[in-house]
Amino acid sequence: AAAALTLGASAQPAPKVLVVDVAKLYQGHWKTADMQAKLQSDEQKAQVEKLVRAPLETQLWRVHLGWQGTRLLGTAVIDATTVRTLPATFMVVLGPGGDVRRVEILAFHEPEEYLPARNWFEQFTGRFLDENLWPRKAIHAVTGATMSVDSLTQEVRTTLAVFNLM
């Protein structure tokens, strides 16, 4: 099923919205099991915050598990964050081993010039949570979109940290 998310805001410019068909992410083999991931303790929350080096905005994530028969193909995590002053909704798709397969922006309410180009997101592909997964290290900075780069990288790091606890 296609996932199209917009976050309502009155008197705001129309968000950039992408429609992502989760079923097509793995060439039609994606049969989703929709669920939520929730941190179960303050200890888990502290572990994630230590890895991310920032306080969590939420302790609940929308998760889609993709299966082909009994084989797990991947996990798609959908979340939202505040980029500068306005929200962005994104999806991080992880492989069964916990590597990033894809990062998609589903809705972006900041001005479009603050959204990094499509190829910027590709540098997350194949990455795991490590000390190099930071802007200006393994993740390239983008002139004019520093806050977007920082915010989105932090959210990918959060997704990976939570996945490591699942």
Side-chain angles (χ1 to χ4, degrees), residues 1-27 30 32 34 36-37 45 48-64 66 74-95 98-164:
L5 301 176
T6 60
L7 303 174
S10 60
Q12 299 291 337
K16 179 176 180 63
V17 178
L18 302 174
V19 176
V20 177
D21 187 342
V22 176
K24 290 183 180 177
L25 289 175
Y26 286 92
Q27 293 75 39
W30 188 272
T32 65
D34 186 18
Q36 293 180 339
K45 179 182 180 212
V48 171
E49 289 178 337
K50 183 178 178 182
L51 289 168
V52 177
R53 297 184 195 157
L56 291 177
E57 292 183 27
T58 184
Q59 291 186 60
L60 183 67
W61 294 267
R62 170 70 60 207
V63 177
H64 299 274
T75 304
V77 179
I78 297 175
D79 199 6
T81 189
T82 300
V83 175
R84 291 172 19 131
T85 59
L86 298 172
T89 303
F90 61 92
M91 177 176 64
V92 179
V93 179
L94 304 175
D99 61 310
V100 176
R101 296 287 173 92
R102 184 178 186 143
V103 178
E104 292 283 346
I105 296 296
L106 303 178
F108 192 78
H109 290 259
E110 297 286 355
E112 193 168 341
E113 59 266 20
Y114 297 146
L115 179 65
R118 175 72 231 148
N119 62 348
W120 179 83
F121 293 93
E122 293 169 3
Q123 64 189 317
F124 289 103
T125 303
R127 305 278 325 176
F128 292 91
L129 182 60
D130 62 27
E131 283 304 308
N132 291 316
L133 191 61
W134 291 102
R136 294 162 290 285
K137 286 191 176 183
I139 304 303
H140 300 290
V142 176
T143 303
T146 302
M147 293 178 85
S148 298
V149 166
D150 290 348
S151 178
L152 293 168
T153 301
Q154 179 175 314
E155 294 305 321
V156 172
R157 287 185 61 82
T158 299
T159 300
L160 288 165
V162 169
F163 180 85
N164 287 339

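Just so you know, residue 1 is the first one in the sequence shown, and it goes up from there. What you see is a predicted model; the values in this text were computed from it and never measured.
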Would you say [X] and [Y] make side-chain contact, with heavy atoms under 4.5 Å?
X      : Y      : answer
Phe124 : Leu133 : yes
Asp79  : Thr159 : no
Val162 : Trp61  : yes
Ile78  : His64  : yes
Val100 : Val93  : no
Val142 : Thr146 : no
Arg127 : Arg157 : no

Looking at [atom1] of [X] and [atom2] of [Y], how far apart are the two atoms once the value is rounded to the nearest 0.5 Å?
X      : Y      : atom1 : atom2 : result
Lys45  : Gln59  : NZ    : CD    : 5.0 Å
Leu94  : Asp99  : CG    : CG    : 7.5 Å
Thr58  : Leu56  : OG1   : CG    : 8.0 Å
Thr89  : Ile105 : OG1   : CD1   : 8.5 Å
Leu106 : Met91  : CG    : CE    : 5.5 Å

Quiz: residues 148-155 side-chain donor-acceptor pairs under 3.5 angstrom, not counting sequence neighbours:
{"from": "Ser148", "atom 1": "OG", "to": "Tyr114", "atom 2": "O", "distance (Å)": "2.6"}
{"from": "Asp150", "atom 1": "OD1", "to": "Arg136", "atom 2": "NH2", "distance (Å)": "3.1"}
{"from": "Ser151", "atom 1": "OG", "to": "Thr82", "atom 2": "O", "distance (Å)": "3.4"}
{"from": "Thr153", "atom 1": "OG1", "to": "Val149", "atom 2": "O", "distance (Å)": "2.7"}
{"from": "Glu155", "atom 1": "OE2", "to": "Thr81", "atom 2": "OG1", "distance (Å)": "3.3"}

SB check Arg101 Glu122 (cutoff 4.0 Å) =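 Salt bridge absent between Arg101 and Glu122.
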Is the side chain of Glu110 donor-acceptor paired with the backbone N or O of Arg84 at a distance under 3.5 Å, no angle test?
->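 Yes, Glu110 side chain to Arg84 backbone: donor-acceptor pair under 3.5 Å.
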Look at the side chain of Trp134 and the backbone N and O of Ile139, then say whether any donor-acceptor pair between them is shorter than 3.5 Å.
->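 No.
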Could you go through the side-chain contact (heavy atoms from CB on, under 4.5 Å) check for Phe108 and Val83 one step at a time?
-> CA-CA 9 Å; Phe108 192 78; Val83 175; 4.0 Å; yes
Atom of Phe121, atom of Leu115 and distance for their closest heavy-atom approach =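 So the two residues come closest at CZ-CD1, 4.1 Å.
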